[in-house]
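Small disclaimer: the values here were computed from a predicted structure and weren't measured. Per chain, numbering begins at 1; letters A, B, ... match sequence-line order. Just so you know, these numbers use all the heavy atoms, side chains as well, and skip hydrogens, waters and symmetry mates.
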Amino acid sequence: MARYMVERIFPDGLAIPITDDGAATSRGVVDRNAELGVTWVHSYVSDDKRKSFCIYDGPDPESIRRAAERNGLPIENITRIKVLDPYFYK
Amino acid sequence: MVPDADGQGGGLSLGMLGPLAVERSGEPVPLGGRQQRAVLAFLLIRHGAPVGVSVLADALWGERVPAGSVQTVQTYVSHLRDALSPGRDRWARSRYLRTERNGYRLVLDGDRVDAVEFEDGVARGLAAVERADFEAGKAALTAAFGLWRGAVLADLADYGFVPPVAARYAELRAAATEALIDARLGLGEHRSLIPELDALIAADPLRERLHGQRMLTLYRASRQSDALAGYRTLRALLDEELGIEPGRPIQQLHASILAQDPALDWHPPGPVREAAASGASPARRHLGARFGLAGGSGDLLERDEQLAALKRHLSAVTTSMAGRFVFVGGEAGVGKTSLLRRFCAKQPARILSGACDALATPHPLGPFLDIAAISGRFQDVIAGGGQPYDVAASLLDELRSSRPSILVLEDLHWADDATLDVVRLLARRLETVPVLAMGTYRDDQIDRTHRLRVLIGELATWPGVVRLGLSPLSARAVAELAAPYRVDAAELYRSTGGNPFFVSEVLAAGGSRLPQTVQDAVLARVARLGPPARRLVESVAIVPAGIDVGLLEALEPAAMDSVEECLASGVLTSTAGGVAFRHELARMAVEISLPANRRIALHRAALAALSDPEHGPVDPARLSHHAEAAADPEAVQRFAPGAAAIAAQVGAHSEAAAQYARALRFAQDLPEERRAELLSKQSTECHLIGDYRVAIETRKAAVEAYRHLGDRLREGDALRAMSANLRCFGLVPEASEAGRAALEILEPLGPGHELALAYANRTMLALNIEDAVATRAWGVRTQELAEQIGDRASLVHAMNSVGTLGYLLGDDDGRADLERSLDLCKRWGFREQAGRAYIHLAWASVRRHDYGRAAAYCREGLEYCVDHGLDAWRFEILGHQARRLLDQGSWDEATEATARILGSLNMNTNAVARVLGLTVVALLRSRRGDPDHNAPMREARALAGPTGEIQLLLPVATATAEVAWLEGEPAAMAAADSATGELLDQATRYGASSAISELASWRRRCGLPTPAIAVGVGPYALELAGNPGAAAAAWLDLNCEYEAAVALCAGDAEHHREALRIFQRLGTRPAAAIAARLLREGGARGIPRGPRPSTKGNPAGLTTRELEVLGLIGQDMRNRDIAQRLHVAEKTVDHHVGAILAKLGVSSRGQAARAAARLGIGASR
């Protein structure tokens, strides 16, 4: 399983409220992804909530794209990544 | 909150358990006068289904329908639309009240209906009570009763359509009431129940069950004499009113009360469960059966969700009359069969069920043999050696009735090829028959390349096909099951992994002491049987999927008396014709435990009994299984080859190959000639299923055997066949060598069928490297010989090859020849040759950019190969299909096709299919700017390189060049230079004109030196002739937008601007960057940056399909025309339009069209 960083841009800002609705939205994304063998690990969101950097595990870029389409999420760029830990070098 | 199409957020809450009421966010919605409310009530009762205007008018006015009733109904509906969606756009489609042909439909989605919630609550409550979860049962039922506000549609009770509905809910309510009393009895609330029961009986004095519950309640409250008096009262009442006696359950309860049966006493809830049924006290089960109390009817822990899902699917089948196929997957013992049995037990539908068996080589069409008993015609088709498509057609006929059926196919992981083909055909025609088909399979026993996994993957996107997964039990549920047995529940959960079968087996095997392993648990249980019963169980264990009485008697005549004991112990269960293990795992545990001599003896006895015609028709597939297990070489030779031939005949080629392999395992004492024949046959079957490694290996052995025998003719013929085996595996030089060797042997033997085929093979080898001269020369030789000796097989083979060459070179007569060879193959029954003709039609049409024909060839070819079990062929066509979809801009579909090729086959596969799939994946990634295109390119290069075939080298070389063009890296350029350069030489040498212009174009785009070439027609030729504008126009005529934009990159600033626009719309960032750079280098200013990045590929979160539909709405197309254009159902378009309006936050098509223009969708077309 490869790890990818998916950059997304939301012109109107991304809003997932911390409510039941927000939880349901997130769960929906996770469930739909699971059918494709894609796992949303976590995301970083810019302060203005217009850009997100999402870390995903998945079999290939096509699955990442299909998951985004099912969830109605935009994709700006997909990059294959590996972890580089600064403390590894100490 | 996203506003819905009507501009309103939030759902509705609709009530019919009381006066009709509708609320939005707690606020009542005014519904108008009685007639108008009656319209809504009627539509609510049938919500989801279309209701004709005339039906509505009947409901409102009965026999006295006034003139103008249609307009009146329309007015009511219009008012109701306003009421349900205040502030809606009058011209937009209403979210709730949809107009249907001749009527209306109330569509609820995410809205609440009290009657639906009541039914769900009652169902959950009944299920909970049934599994003795009284707390949950009481809670669900109490909540369900809380939904009632009065009599059903109390304000409309005088309309004729209300009483039947009210009666239905009254019945449901009564059943729920009884269940609630059961729940409260189970919770020990007998004291508080008596007054309530008295009141209920006063209201409904003839309801016997209430009397029984009252008697039990009184008995438990230590009021025995009152309980007995209650019986006398009931008896007198029934005698007086109806002249009958109380029913048997009540009589038995009376007797138990007289006898003070301890089973009547109250026990705290929890301890008794069906999963451990053999541990439950007989008295309690007896009582349970009578009163629906704990433990009687089996409970299924943690399966409510799946049962509810199956129920939903069945009701969808009932309302839509279109079928569904549910694949129920889970590990062995997780309870798939129990789930389906439980579900089916409660359905009134006709149930057809069959199972695949665990024979090492499955029986062709096994499960359908079980089902064949249903009708004479179906039986005839099966018995007559029907092909999968005959069987499927006949089954569909059976199922095509006004009443839905349930079709159960168990253990599909053991299915033979023919069965899977039937499943595939059935699933594809699902929408024509009202059937809920359910197939179980062990998902832990099918790996990525298992044929069932491939099948399920393929069907995943078909409408009506769903998967249902069963997980093992949770630790909590295991603890609950284990509670009464004083075992360490945590340890039990660890050792069984929550597998319900293992858990129940372990518990049933003793409970007080946890056995070491689950196998021990099974054996321990068997060991407790008496010696004759044990012998019986051992006999049953050697026959997968159960044993019939006749065979059992033959195997173990003395043990027949012990059947009862085995059934009572729960080790065996009775089946239609005999007995079987309750579970396959238990059978395997017992079979493995048998000492070798006993096992062999049993299989020998089975073999003898089953080959006796007295026993019934002799079944070679079954017999060969026992023959192998009995280590009887003579019997294996007698049955396995016959079973293989039957399997091959019905297209079950995997089974045929396995049966030949079995025969070959026992071939030590066979004459060498017979062994060579079996090897050849096995090789042929392996070739058909794409198992080339084994095909080559066995063919090699056959060649050697014939050589040893001095049979030159067969040796040469086997070499010719091996040449084809080698070529499909991508070993082209070896294939040519074998082809030449075959000729060397056969030519001196003079004219004949074998020599003609060897010539045809040489024709094919020449075609594959696109050597035009050699193909024609060998083609002529083949045809002359074929005509001389009247050999059809070699004639159509060569006609195919020569025709394909012509088509590749742009010669229409070539295509005609190829199509004629296809017709002849079909007429003369050369199935594999027909499949090869389809492959070549797909190959040449895509190469010639003849996309319209290519689409039809691919579709027909794929269907033909499915129908005839030509798996390897199918994937090769799919490879060409993937390329066609890529070229035509259907990139999502192309992705799906490649996933099917690459995901379902391992490395031991068809070289063409794999190379095409890999290059398409690499190009898709590269064009989108996605990572990971190097690995598929590397693999494709490694596969294609040694073959020397242009059809493999060309896609690899051009993809290498395109990647280099997009990346501009020096290393990539060098790779592109060598790949395209060498191939260009070869193509020029052989005169492969279509490849030459494509390669030369790519070299020029990459700035590599390009030799001057005189080539005629097509977009590549136009580009090479220095006319990029004309080339782009030609590409656009072919519906190849991306290629058009690439061609424009060779033009002037205006061309570059157009290319940039296309690349930006397609979301191909790397190519867009190239076009932008060309513009900048040309001194252009104001280079458009394209639409906002986030709306580029996906404005407002619209899917690709929705974007397509939106574009067509923008062209003022109606849904029906859109449906035609996109080759989908109009309903599907409705669905897309609804989703588009919702996502764009607009309420009309007009607004959507304006949004489309704003987003730049459809503007270019």
From CA spacing to verdict: side-chain contact (heavy atoms from CB on, under 4.5 Å), A:E62, B:R925: CA-CA 8 Å; A:E62 290 75 37; B:R925 289 179 189 168; 2.7 Å; yes
Distance in Å, A:E76 CD paired with B:R1069 CZ, rounded so as to fall on 0.5 Å steps: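 Answer rounded to 0.5 Å: 6.5 Å.
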Stepwise side-chain contact (heavy atoms from CB on, under 4.5 Å) check, A:R65 with B:T895: CA-CA 10 Å; A:R65 282 194 180 271; B:T895 306; over 6 Å; no
Considering the options A:D60, A:I78, A:I64, which one meets the side chain to side chain contact (heavy atoms under 4.5 Å, CB included) requirement together with B:P931?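 Testing each of A:D60, A:I78, A:I64 against B:P931, the sole residue satisfying side chain to side chain contact (heavy atoms under 4.5 Å, CB included) is A:I78.
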Around atom CG of A:D48, are there more than 12 heavy atoms of other residues, nucleotides or ligands at under 6.0 Å?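 Enclosed: over 12 neighbouring heavy atoms sit under 6.0 Å from CG of A:D48.
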If I measure from the heavy atoms of chain B, does A:R8 come under 4.5 Å with its side chain, its backbone, both, or neither?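 Contact with chain B: none, neither part.
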Are B:D930 and A:Y4 close enough, and set up right, to give a side-chain hydrogen bond (donor to acceptor under 3.5 Å, both in side chains), and what steps lead you there? CA-CA 10 Å; B:D930 283 351; A:Y4 299 96; over 6 Å; no
